[in-house]
Amino acid sequence: MKISQKIAEAAKEALQEMYGQEVAEKMIQLQETRPEFEGNLTLVVFPFLKMSKKSPEATAQDLGEKLVEKIGDVVLKFNVVKGFLNLVINPAQWIMQLQEVMMNERFGFTPVTEQSPLVMIEYSSPNTNKPLHLGHVRNNLLGWALANVMEANGNKVVKTNIVNDRGIHICKSMLAWLKYGNGETPETSGKKGDHLIGDYYVAFDKHYRQEVRDLVSQGMDEEQAKQEAPLIKEAHEMLVKWEQNDPEVRALWRKMNEWVYAGFDKTYKALGVSFDKIYYESDTYLEGKEKVMEGLEKGFFYRREDGSVWADLTQEGLDEKLLLRSDGTSVYMTQDIGTAKLRFRDYPIDKMIYVVGNEQNYHFQVLSILLDKLGFKWGKDLVHFSYGMVELPNGKMKSREGTVVDADDLITTMIKDAREMSADKVNKLEGITADEADEIARIVGLGALKYFILKVDARKNMLFNPEESIDFNGNTGPFIQYTYARIRSILRKAEAMGMAVPTELPTTAALSDKEISLIQHLNDFPAAVRQAGTDYNPSCIANYCYELVKEYNQFYHDFSVLREENEAKRTVRLALSKAVSQVVKNALGLLGIEVPERM
């Protein structure tokens with residue numbers, strides 16, 4: 001049991017005995033004692049003044065005496081500063097606490113059981129007309145980390161993806177390939193399939209813009225020119241043929257999508273993310289239309305004179321929302337309803353989390369209401385994990401203009417930069433092969449990318465700076481990874497010197513304030529995991545990890561580990577090092593970040 005739990009339980013019993021009243025757990029407020037006062041943990045007594053009918057100082061004094069009487073093996077002594085009861089904890093308790101952390105490889109995680117709620121998390125959601133870009137990278141990393149965090153909080157998790165594989169934008173790439181592709185394939189071009197198709201999406205836009213300019217130069221209004229340009233008309237005709245199941249259009253669509261999926265899979269693998277179930281809009285949009293018609297029959301929705309179907313949400317303080325166009329074609333909302341139907345059929349979902357950018361906040365507000373009306377039990381409480389945009393120092397990205405930061409290029413660049421930045425360190429490692437050096441560069445480069453993105457509160461817009469992210473100093477992934485590798489090196493040397501960490505630690509070892517502070521930091525990990533799950537905020541884990549590593553580096557700077565002559569002290573310091581490396585590895589693992597054993 002954690003020290004804080006022992007104190008909280010004893011405090012509840014003491015207050016019951018002294019004042020005859022039960023105390024709610026939330027009234028027991030324990031925090032780390034401020035550096036200027038003596039003590040390790042501070043108990044705030046202001047919530048108990050009504051029951052004690054005494055001054056804060058007198059209440060704290062009474063409670064302190066009672067705690068020493070009840071759990072003297074835990075609380076050695078105390079002092080009172082106004083309404084704050086500062087408790088000095090028996091060093092043996094900290095060592096026992098350290099041993100508990102060290103012996104539990106899953107410290108901080110809640111086990112998943114058969115009774116655990118099932119949480120489904122949707123992320124990625126790419127279009128099949130272009131490769132994944134920097135915005136997708138943030139989405140995928142957030143989704144993967146959130147899935148890990150939710151599982152660490154005791155939930156069953158299903159990771160899912162919805163692929164936007166139909167629509168006018170897909171037809172644009174298809175049409176451009178027919179017109180300008182000359183039968184080019186990923187094999188003949190040497191390009192990944194998603195890159196190849198993305199090139200034709202850009203080519204469509206280039207030729208389309210020229211057609212619009214030509215029509216405008218001939219005297220046509222620009223808006224009319226955009227509608228009358230031959231390319232856009234052909235794209236719309238292709239979309240109609242797709243909707244009508246035209247065999248040639250469908251065959252081309254399937255072929256080009258397969259190229260894209262093969263490309264996506266390589267990018268997902270490089271990023272270290274995957275899915276338990278992938279849905280496709282081409283399968284879900286008809287299900288959505290069916291569900292909308294069901295809602296129409298039940299009076300949830302209404303039909304306008306032009307045949308379009310709408311939801312009137314004015315009673316909920318929103319506006320009216322289009323669900324089916326007058327020609328019967330669906331909109332994004334229809335597709336999301338259809339996807340929800342299939343998901344609910346496939347899984348007993350207790351909570352649904354959508355990882356989608358904040359430009360879709362209103363969309364998910366409406367979707368929640370519609371799903372609730374249509375009888376999905378999790379509809380009302382669906383979570384839109386809304387995140388801000390990610391930008392580069394030189395501005396925003398535009399995919400149709402070909403100015404996006406490609407995910408594959410970014411990954412390659414990060415690994416290359418990591419190899420160059422860490423060349424001196426890696427080259428000093430004895431007996432390291434070229435393949436091992438490459439693997440370290442991959443782990444460090446991706447760690448830099450992932451940590452830099454995930455340390456920022458997801459709700460905020462962020463500026464991604466590749467050079468800053470790869471720094472080996474400060475709040476970066478490589479800084480944390482380097483500390484982990486350093487600790488692993490210490491433990492290997494200790495083992496070689498016959499100093500392996502025992503399973504039973506010496507409880508009589510003297511502890512410095514710095515060592516106690518480090519154990520307290522380790523003890524904070526479960527709370528960081530809980531907060532990250534409660535707030536849907538993986539950055540809690542990243543920032544916790546940075547603070548823990550900073551604390552360890554200060555300890556390592558001030559105290560010798562392997563050269564410590566006192567065996568009990570040396571053993572405890574080795575145990576501290578081992579526990580820190582274990583918690584760092586688990587914390588970074590929640591973020592999808594690997595750690596190198598050498599660096």
Side-chain angles (χ1 to χ4, degrees), residues 126-131 133 135 164-185 189 191 193-257 259-260 281-282 285 304-308 322-335 357 359-360 363 389 391 394-406:
N127 294 334
T128 57
N129 64 318
K130 55 190 175 185
H133 54 62
N164 188 348
D165 63 343
R166 60 173 288 277
I168 189 66
H169 49 294
I170 312 296
C171 291
K172 288 177 180 179
S173 296
M174 291 164 61
L175 184 62
W177 182 83
L178 282 176
K179 286 182 171 293
Y180 320 119
N182 297 313
E184 186 179 27
T185 69
S189 65
K191 294 179 182 176
D194 52 335
H195 285 245
L196 181 68
I197 302 308
D199 288 346
Y200 285 104
Y201 183 62
V202 173
F204 177 94
D205 192 65
K206 175 186 166 188
H207 287 87
Y208 169 59
R209 284 168 180 257
Q210 185 58 54
E211 286 185 348
V212 170
R213 282 194 293 271
D214 291 345
L215 290 172
V216 169
S217 68
Q218 293 167 21
M220 188 180 286
D221 172 76
E222 185 175 352
E223 284 306 309
Q224 187 184 359
K226 287 178 179 178
Q227 302 294 323
E228 295 297 324
L231 266 177
I232 200 69
K233 282 188 165 186
E234 283 187 76
H236 279 290
E237 287 168 12
M238 181 177 276
L239 179 59
V240 171
K241 286 181 179 179
W242 185 94
E243 293 269 0
Q244 293 170 347
N245 256 325
D246 180 278
E248 283 187 20
V249 171
R250 285 285 180 135
L252 176 62
W253 169 75
R254 279 189 291 271
K255 178 170 73 173
M256 293 178 69
N257 275 351
W259 295 345
V260 173
E281 188 186 339
S282 54
Y285 83 106
R304 290 189 178 175
E305 288 182 8
D306 64 358
S308 57
L322 174 67
L323 300 178
L324 287 175
R325 298 188 185 92
S326 56
D327 61 3
T329 56
S330 62
V331 294
Y332 275 117
M333 190 66 70
T334 324
Q335 168 235 299
E359 75 277 10
Q360 295 293 330
H363 175 90
M389 295 297 98
E391 296 174 8
N394 60 357
K396 293 184 179 180
M397 303 177 294
K398 296 176 182 176
S399 54
R400 65 177 176 271
E401 294 174 17
T403 60
V404 300
V405 177
D406 177 77

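None of these values were measured; they are calculated from a predicted model.
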* Structure fact -> Closest non-hydrogen atoms of P131 and G198, given as atom of the first, atom of the second and distance, are CD-CA, 3.8 Å
* Asked: Just checking, is any N or O donor in the side chain of N257 or T128 under 3.5 Å from an acceptor N or O on the other one?
  -> yes
* Asked: Out of curiosity, L215 CG to D221 CG, how far, rounded to the nearest 0.5 Å?
  -> 11.0 Å
Which atom pairs, donor and acceptor, lie under 3.5 Å between side-chain atoms of residues 238-247 and protein residues at least two apart or in another chain?
unit_1: E243; atom_1: OE1; unit_2: Y285; atom_2: OH; d: 3.4
unit_1: E243; atom_1: OE2; unit_2: R166; atom_2: NH2; d: 2.9
unit_1: N245; atom_1: OD1; unit_2: R250; atom_2: NE; d: 3.3
unit_1: D246; atom_1: OD1; unit_2: E248; atom_2: N; d: 3.0
unit_1: D246; atom_1: OD1; unit_2: V249; atom_2: N; d: 3.0

* **Check: N129 side chain, Y201 main-chain N or O, donor-acceptor pair, under 3.5 Å** => no
* Asked: Side chains of Q210 and D214: donor-acceptor distance under 3.5 Å anywhere?
  -> yes
* Find out whether H133 and V405 are in side-chain contact, i.e. whether some heavy atom of one side chain is under 4.5 Å from a heavy atom of the other. => no
* Side chains of Q360 and Y332: does their closest heavy-atom pair fall under 4.5 Å? -> no
* At what distance, to the nearest 0.5 angstrom, does CD of E211 lie from CG of L231? -> 4.0 Å
* Taking atom types as modelled and ignoring hydrogens, do the side chains of S308 and R304 form a donor-acceptor contact shorter than 3.5 angstrom? -> no
* **L252 and W177, any side-chain heavy atoms less than 4.5 Å apart** => yes
* To do: Kindly say whether L175 contributes a backbone atom to a donor-acceptor pair with the side chain of E234 at under 3.5 angstrom?
  => no
* Report the C-alpha distance between E359 and M389 in whole Å, list the side-chain angles of each, state the deciding distance to 0.1 Å, and finish with yes or no for side chain to side chain contact (heavy atoms under 4.5 Å, CB included). => CA-CA 9 Å; E359 75 277 10; M389 295 297 98; 3.2 Å; yes
* **Pair Y200-E184, side-chain donor/acceptor within less than 3.5 Å** => yes
* To do: Report yes if some heavy atom in the side chain of Q227 is under 4.5 Å from a heavy atom in the side chain of I232; otherwise report no.
  => no
* Nearest heavy-atom neighbours spanning E281 and D165 -> N-OD1, 3.3 Å
* **Minimum heavy-atom distance between A235 and K172, given as atom pair plus value** => CB-CG, 4.4 Å
* **Distance-minimising heavy-atom pair for L324 and L322** => O-CD1, 3.2 Å
* To do: Without swapping roles, check the side chain of Y208 against the backbone of K226 for a donor-acceptor pair under 3.5 Å.
  => yes
* To do: Hey, could you give me the OG/CH2 distance between S173 and W259, rounded to the nearest 0.5 Å?
  => 11.5 Å
* Is the side chain of S326 donor-acceptor paired with the backbone N or O of G307 at a distance under 3.5 Å, no angle test? -> no
* Closest non-hydrogen atom pair between V216 and E222, with its separation -> CG2-CA, 3.8 Å
* Structure fact -> Output for pair (K191 NZ, D199 CG), nearest 0.5 Å, gives 4.0 Å
* Would you say the side chain of D406 lies within less than 4.5 Å of the side chain of H195, judging by non-hydrogen atoms? -> yes
